[in-house]
Structure formats: C-alpha cells, structure tokens
Amino acid sequence: MPQALVHYHELALKGRNRGLFQQRLIQNLQNSLRKTDVTEIKSLPGRIRITFQHETAWESVQDRIRHTFGVANYSLAGSLPIDYASPDTTPLCQAIEAAIRLHTFETFRVTTKRGDKRFARTSVELNREIGAYLCRATGKRVSLGAPDVTVGVEVVDYTAYFSLCKHPGPGGLPTGSSGNVVCLISGGIDSPVAAYRMMKRGCRAIFVHFHGRPYLSRVSEEKVRDLVSHLTSYQLKARLYLVPFGEMQRDIVVHTPEPLRVVLYRRMMLRIAERLAERERCWGVVTGDSLGQVASQTAENLRSISEAAHLPILRPLIGMDKIEITNEAQQIGTFDTSIEPDQDCCTLFVPPHPNTRSRIDEVRQAERLLPVEEMVKAGTDAAELVEFAFGTMPSC
Ligand code: ATP
Ligand code: MG
C-alpha cells in the first residue's frame, strides 16, 4: 500500500514535551485525514508514517497534510524491509532505480538518514553504494549542489524508506498545543494573516467580528464567513461570533469627543472580545495591527487601546509592512476575499481628523460619559455564534 513519511522540526526540540506534541500531531493528522482512504497513521522514531489504500488518493491525502500545522515536510515513500546486521542493498537499489526511471532527469544525489544507529552501514556508505548503483544502471550523473532529483533514503524500524520528492509542509506547531485565542477579524487583509500566524504557532482560533448593521450591509460579514471558512481548513473546526456594533458606535458618537472615537471603538471591541474569550477559555486576543499603519495603530493609540484589556493582546503583524502582509495573505489564500469591496464598521462614523496621540487620562475621561459595562454586556449577549466544520456548510 502507498505510504507517506511526515517529518516535524520544532517538535524534535521540545525535550520532555516532545511525546505530547507528537501525539497531538498524530491526533490532528488522524482527524484531518478521516475522510480520505488512509488506513494507518503510525509514529516511528523521529517521523510519522501514513499508509493509504490507493495511490490515486495521494492528491487528497497531501492536501490534508499540507494543512496540518506541525508538519515540516512530507514525501510519498516506497519501502523495503532491511536486515540491520548484514544488509543487502541490492533490492533497495533496484526499487529506487525502478522509481527514478519514471522521472526525466540528468543529475541526482542520494541523501540518507539513519534513524537507527544499529544499522551496519553509515549514511555516507549508503549514499555512495546507492549512488554508484544508479550511475551504472541509468548512466546519469551525481550532482551534490543542484541535482534534478534528490533520492531520500531513511532507515528506521528495520525498514528502508525511499522517496524522490520532498514537499514543504506548513511548519509551526500542532493545532491545540498552544491553547485558545480570540482573533478579531475584520474582513480586511491584515486580520486573517494575524490569525493564521497564531494558528500556525499551535493556537486554536475563535473568531470575533463586529458588524455595522443596521447602518451597514451584510457584506463584511459575508467576507468574514468566507475567510473563516478558508482558515478552518487548518484547524478543522472554528467558531465565529458576530457582534452587532452599529448602535454601539452611534452611542459613542453621540456622547464622546469626535477625535477619540476610533480609540473608543477599539477599546469597546476589546472588552467584548475579552468576555467572549473568557467563555471560550482563551488566553489572549489577536489583532492585525501593524505599527503606524493607520490612525488607530500609532504607538500612543495602541497603548490607549491595550489599556482597556486584561488579557495579553497579541499583535503578530506589529513589525511588518503592508507589502509583507499582502504577500503572506496571497500565500495563505485569503487575499482575494479580503480585497473584495465591503463596508467595515470601522468606516462608519469615522472622524475626519482622528487623534493619533491619545492620552490614557483623556480616553478614560471620555469613557465616563458612556455606560461601558452595560454596553459590553449588551454586545456580548447579542453575539451570534456561527460554527464551521471543514468540508461542510457553516451552521448558525
Ligand atoms: P484589517 O486589514 O485586518 O482590517 P486594518 O489595517 O484595516 O486591518 P484597522 O481597521 O485599524 O486596520 O483594524 C485593526 C485591527 O482591529 C484589525 O486587524 C482587526 O484585528 C481589528 N478589527 C478592526 N475592525 C474589526 C471588526 N469590524 N471586527 C473585528 N475586528 C476588527
Ligand atoms: Mg480594517
């Protein structure tokens, strides 16, 4: 039966936690591959082996592997049992030759990893032996620098595995290994990238979106649903809270000084997000802020905004510029949805000259004019929950 070998990087560095991380990665792969024809997922020393029934399923299997955080790289692999004490490498060389003949190539190299030092040859010896055999059999040349094909050989668990193409995985840490976080998602370019970055570090994301209804249309919500649905392919399940914010913004506009509005909107958003974070056992709140990008993201305003929160505010994009964020959005696949025109609630009642250097004392003073606790409770109570499961339609 066809097999794939999955490798992880950072997990190997995690000392005593390594077992736990590995177990979680295996569990996540099991969940992710449930609807494919995978028959076994097995932990081998330093790697994971995935066995599936038909080679034709490889596309769907690798699509799921590519969406599983913690996977550094993976490859489709052939395998043969091998005797550790007196290894006869001829059958292995023949199997590799048969596989490599299916490729068009001029140069190759062999890279062996001995997962088990009891094996009676060193990696270098095996590289030379297989390399010499392939040169003789195919007439092709070895190139260590930039070969057309790299033959990967791994000896582990009394088996020699070989592969001809190693693919990069998404990297990071397995989903769930870093707890839950609330991600503020706006439908713009930045916030989905921020969420992705924290998800990649092992966080399970719970999404919160503030919408401007009844003053604005549903477009931003629809975009956010699409974005969350897309990101769900990395964590299989996701929850999105849709919080009505239009009335709240109107109250802020009516009662507080115009230049502080943007900061006050954000502080209110954070407070509501924190209540939802508590409900969902989250340890932090993620935003797509990038220093100095817009008025709400100056150093002074970020400080005034953060002051309203108790949980850590995580801003993974803080040191990135728009071009870097845009490139990442394109790689992740959120860019096209993000740039669809919408009406985000942030565009509602925006002052022409927002204060870019708010002071905490003036912000606090302005908030005394608002029934903050009542507003936070009303916003939290009105939040509508939408649940997403990978491969199915979201349900309210
Ligand atoms: P984005 O591209 O993520 O919309 P932006 O550059 O437009 O970011 P802002 O509008 O100032 O910047 O928003 C900063 C951050 O505040 C966003 O990245 C997001 O995390 C959060 N945020 C803004 N608007 C909303 C909203 N309507 N719902 C939820 N979170 C929001
Ligand atoms: Mg925005």
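Order of listing sets the numbers, starting from 1, for every ligand and every atom in it.
Distances below 4.0 Å separate heavy atoms of D289 from the following atoms of ligand 1: 14 (C), 15 (C). Set against the non-hydrogen atoms of T287, the atoms of ligand 1 under 4.0 Å away are 20 (O). Below 4.0 Å from some heavy atom of V208 lie the following atoms of ligand 1, by number and element: 29 (C).
Checked by distance only, ligand 1 and G288 come closer than 3.5 Å through their nitrogen or oxygen atoms. Any N or O atom pair closer than 3.5 Å counts here, and Q293 shares at least one such pair with ligand 1. Between V286 and ligand 1, no pair of N/O atoms sits closer than 3.5 Å. Considering backbone and side-chain atoms together, I189 places an N or O closer than 3.5 Å to an N or O of ligand 1. On a distance-only criterion, F210 and ligand 1 share at least one N/O pair closer than 3.5 Å. Between M269 and ligand 1, not a single N/O pair is under 3.5 Å apart.
Taking the six-membered ring for Trp and thresholds of 30 and 60 degrees, H230 and Y234 have ring planes more than 60 degrees apart, a perpendicular arrangement. Below 30°, between 30° and 60°, or above 60°: for W58 and F52 the angle between ring planes is below 30°, a parallel geometry.
Residues satisfying the side-chain hydrogen bond (donor to acceptor under 3.5 Å, both in side chains) test with N127, not counting sequence neighbours, are T112.
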Check the pair R315 / S306 against side chain to side chain donor-acceptor pair (under 3.5 Å), numbers first and verdict last.
CA-CA 11 Å; R315 296 184 167 102; S306 302; 3.0 Å; yes
List the steps, then state whether side chain to side chain donor-acceptor pair (under 3.5 Å) holds for T39 with Q53.
CA-CA 7 Å; T39 53; Q53 281 184 30; 5.8 Å; no
Side chain to side chain donor-acceptor pair (under 3.5 Å) between T107 and R141: does it pass, once the steps are laid out?
CA-CA 5 Å; T107 57; R141 284 178 298 116; 5.7 Å; no
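For Y241 and F207, the gap between ring centers reaches or exceeds 6.0 Å. Between Y196 and F69, the distance separating the two ring centers is shorter than 6.0 angstrom.
Among C183, G188, S186, the residue whose heavy atom sits closest to atom 4 (O) of ligand 1 is S186. In this comparison of I325, I305, L184, V182, the heavy atom closest to atom 19 (C) of ligand 1 sits on L184.
Cation-pi geometry between K140 and F105 is satisfied (NZ or CZ under 6.0 Å from the ring centre, within 45° of the ring normal).
Residue contacts with ligand 1 leave out H211, since none of its heavy atoms falls under 4.0 Å from the ligand.
Contact annotation: for V294 versus ligand 1, heavy atoms closer than 4.0 Å belong to the side chain alone. Proximity of S296 to ligand 1, defined as any heavy-atom pair under 4.0 Å, is confined to the side chain (atoms from C-beta onward).
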